[in-house]
Amino acid sequence: MRPDEARPRLAALGFDDHDVDVLARHFLAAEERGSTGHGLSRVEWLESWDALETAAKPERAVAEPGYERWESRGALGYLVLDAIVDAQ
């Protein structure tokens, strides 16, 4: 897969613009580091899923001083981590 194909293919799976950007940046950065198994091949891997919850959004379930617990609610781990980092 060419790098310029990542975003359109992720969007075609049903991810929203923000999630497409998060995923594409992650996969392209992995390619640049030479970690091709964690790079663009992941787009093809996602395309092979029978049930991909592209609209799933993670949720902070518990927020206490010094501790949080998040529920993925079906979202991909990449997107869960992005939501956690953004919330901090």
Does a side-chain heavy-atom distance below 4.5 Å link [X] with [Y]?
X	Y	value
Leu79	Phe15	yes
Ile84	Val80	yes
Val62	Glu71	no
Arg9	Glu44	yes
Thr54	Leu76	no

Side-chain ion pair, Lys57 and Asp19, N-O less than 4.0 Å: yes
Pairing of Arg7 and Glu5 as salt bridge, 4.0 angstrom limit: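 Here Arg7 does not pair with Glu5 in a salt bridge, since their nearest N and O are not under 4.0 Å apart.
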Nearest heavy-atom neighbours spanning Trp45 and Trp49: O-CD1, 3.0 Å
Heavy-atom closest pair, residues Ala75 and Pro58: CB-CD, 3.8 Å
Backbone N/O of Thr36 and side chain of Ser41: donor-acceptor pair under 3.5 Å: yes
Flag, side chain of Glu68 to backbone of Arg60, donor-acceptor distance under 3.5 Å: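 A pair under 3.5 Å: no.
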Parallel, tilted or perpendicular, as decided by the 30° and 60° cut-offs, for the rings of Phe27 and Tyr78: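 Because their plane-to-plane angle is over 60°, the rings of Tyr78 and Phe27 count as perpendicular.
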Side chain to side chain contact (heavy atoms under 4.5 Å, CB included) between Val20 and Arg25, worked out: CA-CA 8 Å; Val20 165; Arg25 283 187 290 118; over 6 Å; no
Distance, nearest 0.5 Å, that separates CG of Leu23 from CG of Leu46: 7.0 Å
Inter-residue atom distance Glu31.CD - Leu40.CG, 0.5 Å rounding: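 Between Glu31 CD and Leu40 CG, I get 4.0 Å after rounding to 0.5 Å.
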Leu28 with Leu81, same ILVMFWY side-chain cluster at under 4.5 Å: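 Unlinked, Leu28 and Leu81 end up in two clusters.
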Crowding at CG, Asp4 (>12 non-hydrogen neighbours, <6.0 Å):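 Yes - once you tally the heavy atoms of other residues, nucleotides and ligands closer than 6.0 Å, there are more than 12.
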